[in-house]
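One structure is given below, encoded as structure tokens.
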Amino acid sequence: MEISKELADMINDQLNFEIYSGYIYLAMGAWFEDQNLSGFARWMEIQFDEEYAHAIRFWRHLYERGAKVELKAIEAPKTEWTSPLEAFQDAYEHEKLVTERIYKIGELAEQQKDRATLSFLNWFYDEQVEEEDKTMTIRDTLKMIGDSIPALLQLDAKLGARPPVSGVPQESTEP
Ligand code: FEO
């Protein structure tokens, strides 16, 4: 079953939005580097990789379903924050927005009984629980830390130890 044009359009938009999400985290990473918080910056660098891997999943679903991949211009992200807490508040709000968008794609797929897209989206529903949880937890820790520089540096060291993403999902090797 070929994917509908309407659903493919939403997925193309989401492919763009995932790369935009990556841009946001790259911008945050550069800002954290400027604040000499290289652990936070490293965390953001890995988050960029995650967003890239999300984008690849949408890209692949489009062409596997016979739809056209449409690469649109990526919006420039915000580049300045007043505090690490503000950056992570933004990150958490952004992840909630991503979840909302993915749910909307799911609603259309349900209406259209596109089971392949629904099955594909299941991974993202679980992933978004994690994405919201990660950003919310760091946001909450930053709230607890308040103005304590030693506690902030301790969190910086912890975030800097974030392991790299396990890699972009590979396409089947079947001919
Ligand atoms: Fe692609 Fe952070 O959600």
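Whatever order the structure lists ligands and atoms in, that order sets their numbers, starting from 1. Hydrogens, waters and symmetry mates play no part in the numbers below; they use all other heavy atoms, side chains included. For the single chain, residues carry numbers from 1 onward in sequence order.
Atom CD1 of residue I11 and atom CG of residue N16 lie 14.0 Å apart, to the nearest 0.5 angstrom.
Excluding waters, the protein N/O/S atoms found under 2.8 Å from atom 1 (Fe) of ligand 1 are E18 OE1, E51 OE1, H54 ND1.
The six-membered or imidazole ring of F17 lies away from that of H54, with a centre-to-centre distance of 6.0 Å or more.
The list of side chain to side chain donor-acceptor pair (under 3.5 Å) pairs with a residue in residues 22-39, not counting sequence neighbours, reads Y25-E95. Sorted by first then second residue, the salt bridge (charged side-chain N to carboxylate O under 4.0 Å, His left out) pairs that include residues 102-116, not counting sequence neighbours, are R65-D114.
Using a 4.0 Å cut-off between charged nitrogen and carboxylate oxygen, R162 and E50 count as a salt-bridge pair.
Take R42 and apply the side-chain contact (heavy atoms from CB on, under 4.5 Å) test, not counting sequence neighbours, and it matches E45, I46, P164.
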